Amino acid sequence: LRQGQVPMRKRQLPASFWEEPRPV
Amino acid sequence: AWQGRCIATTKLRLVEFSAFMEHQQDPDTYNKHLFVHIGQSNPTYSDALLESVDVRQIYDKFPEKKGGLKELYEKGPSNAFFLVKFWADLNTTIPDDVRVFYGVTSQYESPDNMTITCSSKVCSFGKQVVEKVETEYARFENGRFVYRIHRSPMCEYLINFIHKLKQLPEKYMMNSVLENFTILQVVTNRDTQELLLCIAYVFEVSTSEHGAQHHTYRLIKD
């Protein structure tokens with residue numbers, strides 16, 4: 001990460017953003 | 001039912017998108033591996049609406065100067081903006097030799113007969129490193145106008161990027177690299193310059209045994 005850049009994990013994103021979908 | 005449930009506005013819908021490598025084993029046999037894939041879907045009113053993400057959360061992942069995501073979003077229409085999180089499938093056993101083709105296929109459809117321009121910007125640390133601009137004309141099929149960009153060759157930058165990514169020994173290392181790798185696709189009506197769709201792509205590596213996965217979000221600004 002560049003200096004001052006907020007990691008994606010610390011941003012306001014939906015929980016699903018970090019959950020890989022299960023195949024249907 | 002498409003509205004709010006898939007990558008679509010009343011004017012244009014993304015029907016299919018895939019990035020792949022294909023190996024010609026012999027004159028009659030091809031092996032195809034999909035790195036990422038959005039398949040054809042037919043949402044109904046009983047399907048859930050897409051979740052939303054505040055576009056400001058991802059501004060810095062895409063170009064921020066003139067023509068950047070912020071400027072595009074402010075110009076609108078805001079309902080044409082989407083975010084796709086891909087879990088890319090790098091688990092390929094296809095040998096990398098001269099008989100491998102790297103390509104991207106996408107298909108859109110519309111009730112309107114237009115000429116569309118598709119810009120795809122690959123970004124590293126939010127800065128554009130390469131851009132491909134393609135123009136596509138409509139074909140009338142089954143009562144709607146179809147735009148198909150078929151087997152567009154992947155650029156050298158992306159092919160090299162995939163090679164290097166695959167060489168990393170651990171998935172967390174790949175995800176660390178992918179945190180700063182994004183793609184911005186902007187589809188416009190060539191003749192009116194109206195923005196039809198803007199899709200921001202972000203990536204992780206799939207841990208599934210079942211190939212590439214994705215989540216789609218609407219981009220909003222409260």
Side-chain angles (χ1 to χ4, degrees), chain A, chain B residues 34 36-41 47-62 64 83-89 91 123-127 171-172 175-182 200-222:
Chain A
L1 291 176
R2 289 203 169 149
Q3 202 173 10
Q5 195 185 6
V6 180
M8 288 297 271
R9 287 271 177 192
K10 294 195 174 172
R11 300 184 188 206
Q12 289 173 33
L13 296 164
S16 62
F17 196 86
W18 304 109
E19 296 161 3
E20 183 175 352
R22 293 289 106 204
V24 182
Chain B
L34 298 176
V36 293
H37 178 60
I38 297 173
Q40 299 213 17
S41 66
D47 290 326
L49 292 167
L50 295 177
E51 289 183 272
S52 54
V53 165
D54 191 314
V55 67
R56 289 167 291 194
Q57 296 292 325
I58 58 162
Y59 272 163
D60 64 328
K61 296 286 174 186
F62 297 92
E64 292 187 273
L83 170 66
V84 174
K85 165 80 179 274
F86 271 130
W87 282 265
D89 182 7
N91 194 17
C123 308
S124 174
F125 289 94
K127 303 279 188 290
K171 282 204 167 128
Y172 79 87
N175 286 337
S176 177
V177 171
L178 286 172
E179 170 130 2
N180 297 298
F181 171 84
T182 57
Y201 294 97
V202 296
F203 301 85
E204 267 191 55
V205 178
S206 174
T207 55
S208 160
E209 302 278 300
H210 308 278
Q213 308 292 331
H214 69 280
H215 269 311
T216 306
Y217 302 91
R218 290 184 305 123
L219 283 171
I220 59 155
K221 198 157 142 187
D222 288 329

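Since this is a predicted model, take the numbers as computed values, not measurements. In what follows, chains are A, B, ... by sequence order, proteins preceding strands, each numbered from 1.
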- Message: Under a 4.5 Å cutoff for heavy-atom pairs, which residue among H215(B), E209(B), E51(B) has the most contacts with chain A?
- Response: H215(B)

- Note on the structure: From the list K85(B), E204(B), R56(B), the residue making the most non-hydrogen contacts under 4.5 Å with chain A is K85(B)

- Query: Is the side chain of Y217(B) donor-acceptor paired with the backbone N or O of F17(A) at a distance under 3.5 Å, no angle test?
  - Reply: yes

- Message: Under a 3.5 Å distance rule, please check whether H214(B) uses its side chain to pair with a backbone N or O of E20(A) as donor and acceptor.
- Response: no

- Message: Looking at every non-hydrogen atom in both residues, tell me the closest pair between S52(B) and P14(A) and how far apart they are.
- Response: O-CG, 3.7 Å

- Close side-chain approach of R11(A) to K61(B), heavy-atom, < 4.5 Å: yes

- Approximate separation, where rounding is to 0.5 Å, of N175(B) CG and M8(A) CE: 11.5 Å

- Message: Among V53(B), L83(B), V202(B), D60(B), which residue has the highest count of heavy-atom pairs closer than 4.5 Å to chain A?
- Response: D60(B)

- Note on the structure: Those residues at least two apart in sequence (or on a different chain) that pass side-chain hydrogen bond (donor to acceptor under 3.5 Å, both in side chains) with S208(B) are none

- With a 4.5 angstrom heavy-atom cut-off, could you sort out which part of T207(B) is near chain A: side chain, backbone, both or neither? both

- Is Q12(A) reaching over with its side chain to a backbone N or O of Q57(B), donor-acceptor style, under 3.5 angstrom? no

